[in-house]
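From a predicted model like this one, the values you see are computed outputs, not experimental measurements.
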Amino acid sequence: MNLTNFNKNEEFFVDLQRCIGCKACEMACAECETNGQESLISVNYVERSSTIQTTVQVCMHCEDPVCANVCPADAISQDEFGIVHTANTERCIGCSNCVMACPFGVPKKMEEYDLMMKCTMCYDRTSVGKKPMCATVCPSGALFYGTRAEIEEMRPNSSPINTFIFGKETVNTKVNIMMPKGSNELRIY
């Protein structure tokens, strides 16, 4: 595949506070022919018993993907652009190690296929210069795919961060989360 159209200057940004729970991203993701009509993005309630606030969950495309590191069948790969791909159907043994290991809870074991599936940042689209499906339909701007300069102009009171600290583990990702201006990491306890 010729990847000369992959724009290294564009990044994926998630602004969790802007998610309105419309699930347009899920519908758009399911329409992607490479997913087998399965949505590889999730909209979840933060705490359904006390709020209607929703949040969107996408693969963070970690720089050192633990999902790939724990795969005994070497079914999960990362390319030179930092995209962590869903499990290779010919190699995946359906063990769910990746599901249990991901600190973001992203990979899903699709029982009907006996296969792990996850967001690939619409690789079939981004590799030819298009934006991911979910980002093209998000009405609130919770999902954005573009340049850092564009997001900084759109969200002058926010900072994109891609460093997450889980206890003593630091995880750097390709996907950015929008945080209050001046933030440079997110500590998860």
Do Pro107 and Cys98 have side chains that approach each other closer than 4.5 Å (heavy atoms only, starting at C-beta)? yes
Assess whether side-chain contact (heavy atoms from CB on, under 4.5 Å) is satisfied between Met121 and Tyr145, documenting all intermediate values. CA-CA 10 Å; Met121 202 180 299; Tyr145 189 78; 3.8 Å; yes
Determine, using the 4.5 Å side-chain heavy-atom cutoff (strictly less than), whether Leu16 and Met60 are members of one ILVMFWY cluster. yes
Shortest non-hydrogen pair, Asn97 vs Pro72, comes out as ND2-CD, 3.7 Å
Between CG on residue Asp79 and OH on residue Tyr123, distance to nearest 0.5 Å: 4.5 Å
Flag side-chain contact, heavy atom, 4.5 Å: Ile83 against Gln78: no
Verify same cluster id: Ile41, Val175 (apolar side-chain graph, 4.5 Å): yes
Using 0.5 Å steps for rounding, measure from the NZ atom of Lys181 to the OG atom of Ser159. 5.0 Å
Is it true that atom OH of Tyr45 has more than 12 heavy atoms of other residues, nucleotides or ligands lying nearer than 6.0 Å? no
Give a yes or no on whether Val171 and Ile177 share a hydrophobic cluster (residues Ile, Leu, Val, Met, Phe, Trp, Tyr; joining criterion: side-chain heavy atoms under 4.5 Å apart). yes
Donor-acceptor pair, side chain of Arg125 and main chain of Pro132, under 3.5 angstrom: no
Has Asp15 got a side-chain atom pairing as donor or acceptor with Met178's backbone, closer than 3.5 angstrom? no
For the NZ atom of Lys118 and the CD1 atom of Ile76, what is their distance to the nearest 0.5 Å? 8.0 Å
Do Met179 and Leu186 pass the side-chain contact (heavy atoms from CB on, under 4.5 Å) test, and can you show the C-alpha distance, the side-chain angles, and the key distance before you say yes or no? CA-CA 8 Å; Met179 295 289 291; Leu186 176 60; 3.6 Å; yes
Evaluate Ile161 against Asn176 for side-chain contact (heavy atoms from CB on, under 4.5 Å), listing each step before the verdict. CA-CA 5 Å; Ile161 63 114; Asn176 299 275; over 6 Å; no
Given 3.5 Å as the limit, does a donor-acceptor pair link the side chain of Ser140 with the main chain of Arg18, or not? yes
Check whether any side-chain heavy atom of Cys59 lies under 4.5 Å from a side-chain heavy atom of Thr120, and answer yes or no. no
Do Cys19 and Thr54 make a side-chain contact, defined as non-hydrogen atoms from C-beta onward lying under 4.5 Å apart? yes
After noting the C-alpha distance and the side-chain angles of Asn172 and Thr163, does the key distance pass the side-chain hydrogen bond (donor to acceptor under 3.5 Å, both in side chains) rule? CA-CA 5 Å; Asn172 293 305; Thr163 298; 2.8 Å; yes
Side-chain contact, heavy-atom cut-off 4.5 Å: Pro180 with Asn157? no
Answer yes if Phe12 and Ile151 sit in the same cluster of Ile, Leu, Val, Met, Phe, Trp and Tyr residues linked by side chain heavy atoms under 4.5 Å apart, and no otherwise. no
Separation between NE2 of His61 and SG of Cys67, rounded to the nearest 0.5 Å: 9.5 Å
Tell me, with the steps shown, if Phe144 and Val14 meet side-chain contact (heavy atoms from CB on, under 4.5 Å). CA-CA 6 Å; Phe144 177 75; Val14 180; over 6 Å; no
Do Arg148 and Glu11 meet the salt-bridge criterion of a basic N to acidic O distance under 4.0 Å? yes
Lys131 bridged to Glu10 by N-O distance under 4.0 Å: yes
Side chains of Asn9 and Thr147: any donor to acceptor distance under 3.5 Å? no
Test of understanding: clusters of I, L, V, M, F, W, Y form through side-chain heavy atoms closer than 4.5 Å, transitively. Do Ile188 and Ile165 belong to the same one? no
How long is the gap from SG on Cys25 to CG on Leu143, to the nearest 0.5 Å? 5.5 Å
With rounding to the nearest 0.5 Å, note down the distance linking CD in Gln57 to OG in Ser42. 5.0 Å
Take a 6.0 Å sphere around CD of Gln17 and say whether it holds more than 12 heavy atoms from other residues, nucleotides or ligands. no
Heavy-atom closest pair, residues Met133 and Ala28: CE-O, 3.7 Å
NZ/NE/NH1/NH2 to OD/OE distance under 4.0 Å, Lys109 and Asp114: yes
Could you tell me if the side chain of Lys108 sits less than 4.5 Å from the side chain of Met116, heavy atoms only? no
Please report the shortest heavy-atom distance between Ala24 and Val137, naming the atom on each side. O-CG2, 3.5 Å
Considering residues, nucleotides and ligands other than Glu112, do more than 12 of their heavy atoms fall under 6.0 Å from its CD? yes
Aromatic contact, Phe164 with Phe104 (centres under 6.0 Å): yes
